[in-house]
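In what follows, a structure is listed as structure tokens, so that the remarks can point back to it.
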Amino acid sequence: MDPLALAAGTALIGAMATDAWQQAREAVVGLWQRVHPERADTVRAELGEVRTELLAARAAGDEEAEESLAVDWRRRLQRLLASDPSLTAELRRIIDEELSPLLPPAPAAAAGPVITMRANASGNSTVV
């Protein structure tokens, strides 16, 4: 699978779980509007349904269902890119400027362990 479609599908599903999901929806619908304008309203409605499914999956702790939704949208985006490769730059822009800013920050644990060291020196002692 194209790495761009992979990243876009993942970012789209992540952004759909936020309060600003309409922004994510409209950015992606815009891609369809350019290539398949007759499908844009259907894609908009499907994204609304996907959000409902996603929120239910998250509430149930169903990571498998969430991943399934992401896989579906990765494939759809892959097919869209295959039908019009000129969308590559626009999809990259949407990921960088529209979807990624909507995603919650990654948990600190994902960046590695946080180590905090404290030392107190008193009297004639030195902390090294």
Side-chain angles (χ1 to χ4, degrees):
M1 176 164 289
D2 182 285
L4 186 60
L6 182 70
T10 302
L12 173 61
I13 293 300
M16 293 200 69
T18 70
D19 291 336
W21 75 276
Q22 294 96 340
Q23 260 183 284
R25 180 188 62 199
E26 294 309 311
V28 172
V29 168
L31 288 173
W32 262 269
Q33 187 68 41
R34 286 180 52 188
V35 180
H36 302 291
E38 72 283 358
R39 294 186 198 164
D41 288 337
T42 301
V43 169
R44 182 178 287 109
E46 289 172 347
L47 286 168
E49 292 169 8
V50 166
R51 181 171 193 265
T52 301
E53 291 176 42
L54 173 65
L55 294 177
R58 286 201 172 179
D62 189 349
E63 293 177 14
E64 189 175 311
E66 186 173 342
E67 179 60 21
S68 178
L69 294 169
V71 167
D72 181 46
W73 281 92
R74 289 175 194 141
R75 287 184 185 137
R76 288 175 185 228
L77 290 163
Q78 177 73 41
R79 287 190 301 268
L80 188 66
L81 285 176
S83 71
D84 188 350
S86 70
L87 290 177
T88 300
E90 179 65 9
L91 184 55
R92 185 172 311 283
R93 185 199 67 75
I94 287 171
I95 293 169
D96 294 342
E97 297 176 15
E98 307 265 352
L99 300 178
S100 293
L102 299 176
L103 299 175
V114 175
I115 299 172
T116 303
M117 296 174 41
R118 295 181 191 175
N120 294 319
S122 62
N124 291 329
S125 58
T126 304
V127 174
V128 179

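All residue numbers refer to positions in the sequence shown, counting from 1.
Taken from CZ in R79 to OG in S83, the straight-line distance is 10.0 Å, to the nearest 0.5 Å. Taking CD of E98 as the start and CG of L102 as the end, the distance is 8.0 Å to the nearest 0.5 Å. To the nearest 0.5 Å, atoms CG (D2) and CZ (R74) are separated by 12.5 Å.
Among residues two or more places apart in sequence or in another chain, the salt bridge (Lys or Arg N to Asp or Glu O under 4.0 Å) test is passed with E63 by none. Listed by chain and residue number, R93 satisfy the salt bridge (Lys or Arg N to Asp or Glu O under 4.0 Å) test with E90 (two or more places apart in sequence, or in another chain). Under the side-chain hydrogen bond (donor to acceptor under 3.5 Å, both in side chains) criterion, Q22 pairs with no residue at all, not counting sequence neighbours. Listed by chain and residue number, R44 satisfy the salt bridge (Lys or Arg N to Asp or Glu O under 4.0 Å) test with D41 (two or more places apart in sequence, or in another chain). Residues passing the side-chain hydrogen bond (donor to acceptor under 3.5 Å, both in side chains) test with R76, sequence neighbours excluded: E46, D72.
Closest non-hydrogen pair, A65 versus A57, comes out as CB-CB, 3.9 Å. For the residue pair P85 and A82, the shortest heavy atom distance occurs at CD-O, 3.9 Å.
Within 6.0 Å of CZ in R75 there are 12 or fewer heavy atoms belonging to other residues, nucleotides or ligands.
Panel note: side chain S100, backbone D96; no donor-acceptor pair is recorded below 3.5 Å. Judged purely by atom type and a 3.5 angstrom limit, T18 has no side-chain atom pairing as donor or acceptor with the backbone of G14.
Other members of the cluster containing L54 are L4, L12, I13, M16, W21, V28, V29, L31, W32, V35, V43, L47, V50, L69, W73, L77, L80, L81, L87, L91, I94, I95, L99, with ILVMFWY side chains joined at under 4.5 Å, either directly or via other members.
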